[in-house]
Amino acid sequence: MRTKAIILCTALTVACAEPTGDLTILLQAEQTITEGITAGEGPSNIVDGWSVQFSKYLVTVGDVHLERTADEREAHDSHVWVVDLAALPPGGVELTRIEDLLAERWDVFGYATPRANEESLRHPRVNQVDFDEMVAHGWTYLIEGSLEKASGESCPPAGECRPASQLSFRIGADVDTVFGPCQGEGLPGVTVTESGTAVSISIHGDHLFFDTFPSGAEIIERRAQWLADADLDGDGLVTSEELMEVSAASLFPSTIYQLAGAPFPIETAYDFARAQLATQGHFQGEGECPWTIDGASGGHHH
Amino acid sequence: MTRALWIRSTILLVSSLACACGSTGQELTSFPIHGAASGERSFTKDGWTVTLERADVAFGPVYFCATSFADMDVCPSAQAEWLETQTIDALDPTPQMLGEAEAVTGTVRSAMFDYGRSWLLTEPRVRANEGAPEGHSAVFVVHLDDGDAVVEIRAAIDIDPAAAGQSAVIGAPTGVRTIGLDEALVVRIDPAAWWKRVTLDALVALDDDGDGIVELERGDLAYEELVLAMTTGRLPAFEWAQP
């Protein structure tokens, strides 16, 4: 998809003489999505013994926005795609290209992960059934995967623990979030050059397992027992409906979880999942993009 | 260096620049912080009449930030701060003087604060601040009445920061407020809103000896529900006014 920049020029005669270039916007998935998250004690591991693999990680993403605060120029690509991050190659995929941008620094770069709708575009690696389900429910995410732990147990809050060395999960969620202004390597926005520039929207995959809404990398631990415990009916598949049913207070004890800084009140496990998903959008790998959802804003480093 | 020291450095810098250059556009100021109750004291839920008999809530220290989300990363130096802790009688709607905040004139959008239990960078663990009720973040006595019996719930809630240097509550919206030289703040707390989040049947079931008294402990569902309500649910409301 290529879009001619819709630019508000203050002086057209000057604009025509200005050098321009194209901006290619890639979509990249964090390795946690494509390769999973292993159990262990390292900073990127899940510390309670569970390993996670994702078979599908559909996200609705797009609505790219650029600004130059110096001269108030703007460029916008309003297209939105549904993409399966779990199926992306390591280098990511080209999401869109905005042509004929002023070859200068654009200090504001942002994008959105909105709800899927009829105008959303299906990426070729997303099957039609999943796409239709995303649109029908207005989901931002459809995540399928599995948890494994040889000695694992599922301990639903109102029931007995039972052996569960493997569980599956399927989570569909609307998480209509705007990300930006983004910073990569300490610099805000992007520099467009005449020869063309590529930047990446990066979606992380491990926030579902964070034990806090962090403001410092050193305090985050990843845990998955809560998801195993949310298998209320014991059928081995954790669903969105089960997450909606189970109280967050019964799955996220305050001795482990500190959930202050959540973008909205956390009452159920589904709220927790939605809140964590709202923080997953990044830029150029680990670059930060403040998030805004339901009128609340935040951002963090990790 | 603690966060407070960073803030004091900022204030010192502003002060120095003001001396050197005559004016920086920012001025040192201070404003009073009051605490008060909001909302109702009694409500009905699931066949129970719930009456709050005591709701002492520790508040402070608090840091006000220009950013829309106050936390230690994005707000390394605050626009205003109050470093003490006082207990707010959260059943009394009359504003209660807590203290005087130090500030630099400018806009604030969010706050981070503790409920009376802090973890300074220079200390190995969380400590209860002087001014916290019995060393806790909040102390409640609540009566549940179903028409046949009354159950008394006693709860001492501790809400601790996640890590040294952190505040227990981050990103609390304050509204966009330009702090001038003539400012005042009332922090309003609605404890009934917190108790409305509690699953009452599970709470009453904790009275296993039938004496009509339940002492909540960390790990009890109601305790955890209160923690979530106080940190992610109905946060204290910041009401600005010119005194």
Visitor: State, with a plain yes or no, whether a side-chain heavy atom of S247(A) is found less than 4.5 Å away from one of E225(B).
Guide: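 Yes, close enough: below the 4.5 Å cut-off.
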Visitor: Between D220(B) and chain A, with a heavy-atom cut-off of 4.5 Å, which part of the residue counts as in contact: side chain, backbone, both or neither?
Guide: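 Contact with chain A: none, neither part.
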Visitor: Please find the pair of heavy atoms, one from L221(B) and one from A249(A), that lie closest to each other, and give the distance.
Guide: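 The answer is CD1-CB, 3.7 Å.
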Visitor: In chain order, what residues pass the side-chain hydrogen bond (donor to acceptor under 3.5 Å, both in side chains) check against D174(A), with sequence neighbours excluded?
Guide: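 Only R115(A) meet the side-chain hydrogen bond (donor to acceptor under 3.5 Å, both in side chains) criterion with D174(A).
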Visitor: If the contact rule is any heavy atom under 4.5 Å from chain B, which residues of residues 262-271 of chain A qualify, in numerical order?
Guide: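 Result: A262(A), F264(A), P265(A), I266(A), E267(A).
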Visitor: Between E224(B) (side chain) and S254(A) (backbone), is there a donor-acceptor pair under 3.5 Å?
Guide: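 Judged by distance alone, yes, a pair lies under 3.5 Å.
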Visitor: To check you understand the geometry: which heavy-atom pair defines the closest contact between A260(A) and A168(B), and what is its length?
Guide: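 Closest heavy-atom pair between A260(A) and A168(B): CB-O, 3.0 Å.
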Visitor: Would you please name every residue forming a side-chain hydrogen bond (donor to acceptor under 3.5 Å, both in side chains) with D211(A), sequence neighbours left out?
Guide: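 Per chain and number, D211(A) pairs via side-chain hydrogen bond (donor to acceptor under 3.5 Å, both in side chains) with no residue.
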Visitor: Are there more than 12 heavy atoms of other residues, nucleotides or ligands under 6.0 Å from atom CD of E40(B)?
Guide: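 Count over threshold, so yes.
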Visitor: So which residues of residues 229-240 of chain B are in contact with chain A at a heavy-atom cut-off of under 4.5 Å?
Guide: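 Residues in range: T231(B), T232(B), G233(B).
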Visitor: Which heavy atom in P161(B) sits nearest to a heavy atom in Q258(A), and how many Å separate them?
Guide: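 What the structure gives for the nearest pair is O-NE2, 4.4 Å.
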Visitor: Pick one of side chain, backbone, both or neither for L228(B), based on which atoms fall under 4.5 Å of a heavy atom in chain A.
Guide: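 The side chain, not the backbone.
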Visitor: Can you tell me which portion of A172(B) sits under 4.5 Å from chain A's heavy atoms? Options are side chain, backbone, both or neither.
Guide: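 The answer is neither part of A172(B).
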